[in-house]
Amino acid sequence: MNKQTMYEQLVIQTQMNYSQYYGVYATGGTAVKLTDKKPLPYEEQIQLFAQKIKEADHIIIGGASGLSAAGGGDFYYTDSPSYKKHWLYNIWC
């Protein structure tokens with residue numbers, strides 16, 4: 001009988017999948033072919049990206065805790081000064 005939770009099984013399977021394709025990821029590739037199109041030259045990609053930003057009504061930026069930690073953020077720890085200052089206050093006020 002398997003005593004692991006569904007979440008634990010998912011984590012284990014994810015790690016096994018990552019291990020299987022580590023060489024591909026380490027070289028900047030993906031395990032699945034995403035497109036047959038050749039990428040635009042880098043300068044054209046930057047120009048296109050800048051144009052899309054100028055035309056956008058809104059921009060949503062997402063990032064995980066590693067991005068926050070890399071930037072020096074500690075707000076995801078509930079006992080930190082910045083969490084207490086910015087989040088705890090806003091929740092109760």
Side-chain angles (χ1 to χ4, degrees):
M1 185 171 171
N2 189 351
K3 294 183 180 183
Q4 295 172 329
T5 66
M6 189 172 106
Y7 175 75
E8 290 169 326
Q9 292 173 31
L10 178 64
V11 169
I12 290 169
Q13 185 61 50
T14 300
Q15 289 301 315
M16 289 171 49
N17 290 347
Y18 179 79
S19 297
Q20 180 180 357
Y21 297 110
Y22 177 77
V24 175
Y25 299 139
T27 60
T30 62
V32 178
K33 187 173 183 178
L34 302 176
T35 183
D36 289 326
K37 294 180 183 178
K38 285 185 79 174
L40 295 172
Y42 184 71
E43 285 298 321
E44 285 183 49
Q45 291 180 39
I46 296 297
Q47 290 173 358
L48 181 60
F49 183 65
Q51 185 61 38
K52 298 278 185 190
I53 290 174
K54 288 177 186 175
E55 295 171 358
D57 292 330
H58 299 85
I59 298 173
I60 299 173
I61 300 172
S65 63
L67 180 62
S68 304
D74 67 351
F75 56 85
Y76 40 85
Y77 299 113
T78 58
D79 198 27
S80 70
S82 57
Y83 176 86
K84 290 176 182 176
K85 178 180 177 185
H86 298 291
W87 293 100
L88 196 57
Y89 175 80
N90 290 328
I91 290 171
W92 299 107
C93 296

Contacts of Tyr7 meeting side-chain contact (heavy atoms from CB on, under 4.5 Å) (sequence neighbours excluded), chain-then-number -> Thr5, Val11
Review point. Going hydrophobic residue to hydrophobic residue with side-chain gaps under 4.5 angstrom, can you get from Tyr21 over to Tyr18?
Key: yes
**Donor-acceptor pair, side chain of Gln4 and main chain of Gln9, under 3.5 angstrom** = no
Residues passing the side-chain hydrogen bond (donor to acceptor under 3.5 Å, both in side chains) test with Gln20, sequence neighbours excluded, are none
Margin query: Is it the case that over 12 heavy atoms from other parts of the model lie below 6.0 angstrom from the OH atom of Tyr22?
Written below: no
In short, ring pair (Phe, Tyr, Trp, His ring centres under 6.0 Å) pairs touching residues 32-58 with sequence neighbours left out are none
Distance-only polar pair, side chains of Gln47 and Gln51, donor-acceptor under 3.5 Å: no
Taken to the nearest 0.5 Å, the spacing of Leu40 CG from Leu48 CG works out to 7.0 Å
Heavy-atom nearest pair, Thr30 first then Val24, reads O-CG1, 3.2 Å
